[in-house]
Protein chains: 2
Amino acid sequence: MEELAKEGREAFAKMDIKISLKELSATTGVSPSQIRYWEKKGYIKSIQQQKNQSHAYTIHTLMIVLGINHFLKQGYTLSAAYEKQHAQRGVYRALRSLYSRVEKVERKDDGEVLVDLGRLADQPAKHVVAQISPDYQVQLTLKDEN
Amino acid sequence: MEELAKEGREAFAKMDIKISLKELSATTGVSPSQIRYWEKKGYIKSIQQQKNQSHAYTIHTLMIVLGINHFLKQGYTLSAAYEKQHAQRGVYRALRSLYSRVEKVERKDDGEVLVDLGRLADQPAKHVVAQISPDYQVQLTLKDEN
DNA sequence: TCTTTTTGTCAAATTATTTGACAAAGATAT
DNA sequence: ATATCTTTGTCAAATAATTTGACAAAAAGA
């Protein structure tokens, strides 16, 4: 029963990965032309060290693009789709904060993975633990302090 | 109180994003020379459509690189570090399966985010819900079926 | 219809990446 | 110590990928 390397957990939750315009487009299904126009209009941002160098986009921006596209497909105008998406700001960072607070990840010898999600607010002696079987079925259980 | 676009949740959990060698190196702190050598030795893989085209690495490979590097820094040889890391295989996919089974994500008007993590295995009427405040403090609670 | 918004296409210029060869450092065995 | 194998660094030429801006064209709004 071995504990997972901390770096991996952090990288997984932090996700400060940068991707190219091409990859952003491929992952979201939004065309490069659209992405560049949206950036020109100020709806999304990219990182570019110097002119002519390639643009880098964060996962956060990926989420914004997915959000805008989601509402675009529902018939909203671009600016309305942006506003709709903007009303959900903070959700992904909230998910990240949930995932990054995972206290312990263990892999048992039989391949089962135990993820300690932390204490219950109103029963601090009890931890919520996810048991994930080798075929990736998840069960949530309560476990007493150990 | 608006529900989060499904695409975003899925993309977040799925993470079938591809990154460049440069980005893999920047994110992990492992040099491009190392990464290419490890690939030559068969410890990691990359996607290359045709010769001379750029290599793409998945987030899964990013995790493997972090794992190998973790044990390398502890003094293991490269092959031993790989084996150590390999013994943890399945952990990240397990985490992914945990995150992707999230049933509902809501953002309340006051900015609080509610994440329904699903039912307790032994009390199926109760759901584990994470309440995440606007300053990203997380509280786990049990809620009855609604 | 006229105008504005939004997206597509293209080519030249620039930047980024691959590839392979070789050097060099580090580890291991004799 | 010496020789050998493993591992990483450096470099330059070839190739690929990206940016940029201009313009067209489609879509939406007035």
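Sequence lines set the chain letters: A, B, ... in the order given, protein chains first and strands last, and positions in each chain run from 1.
- Atom CD in B:Glu23 sits about 18 Å away from atom P in D:dA17, given to the nearest Å.
- Here D:dA16 presents its C1' atom at 12 Å from NE2 of B:His55, a figure rounded to the nearest Å.
- Across C:dT17, C:dG8, D:dA16, the shortest atom-to-atom separation from the side chain of B:Asn52 is found for D:dA16.
- Between B:Lys51 and C:dG20, a side-chain N or O to OP1/OP2 separation shorter than 4.0 Å is present.
- Counting only distance, with no hydrogens or angles, the side chain of B:Arg89 and the backbone of B:His86 share a donor-acceptor pair below 3.5 Å.
- Between the P atom of D:dT18 and the CD1 atom of A:Ile19 lies a distance of 12 Å, rounded to the nearest Å.
- In A:Glu112, the CD atom is crowded: over 12 heavy atoms of neighbouring residues, nucleotides or ligands sit closer than 6.0 Å.
- Residue B:Phe71 contributes atom CZ, which lies 17 Å from atom P of D:dT7 at whole-angstrom precision.
- Nearest-nucleotide mapping onto DNA chain C: of A:Tyr43 and B:Leu21, the residue sitting toward the 5' end is A:Tyr43.
- Distances were taken from every side-chain heavy atom of A:Ser31 (C-beta onward) to each of C:dT7, D:dA16, C:dG8; the shortest belongs to C:dG8.
- Looking at which nucleotide of DNA chain D each of A:Ser54 and B:Trp38 is closest to, the 5′-most match is held by B:Trp38.
- The side chain of B:Gln53 places no N or O atom within less than 4.0 Å of a non-bridging phosphate oxygen (OP1 or OP2) of D:dA16.
- One can place NZ of A:Lys41 at 13 Å from C1' of D:dA28, the figure rounded to the nearest angstrom.
- Considering only the side chain of A:Ser33, C:dT9 comes nearest among C:dT17, C:dT9, D:dT19.
- For the pair A:Leu72 CG and D:dA27 P, the computed distance is 14 Å after rounding to whole Å.
- Between B:Phe71 and B:Tyr76, the ring planes lie perpendicular to each other; the angle is over 60°, past the 30° to 60° tilted range.
- A sub-4.0 Å separation between OP1 or OP2 of C:dT6 and a side-chain N or O of A:Tyr37 is present.
- No side-chain donor-acceptor contact under 3.5 Å links A:Glu23 and A:Ser20.
- A side-chain hydrogen bond (donor to acceptor under 3.5 Å, both in side chains) with A:Tyr57 holds for exactly one of A:Lys45, A:Glu39, A:Lys18; it is A:Glu39.
- At the phosphate of D:dT18, OP1 or OP2 sits under 4.0 Å from a side-chain N or O atom of A:Ser20.
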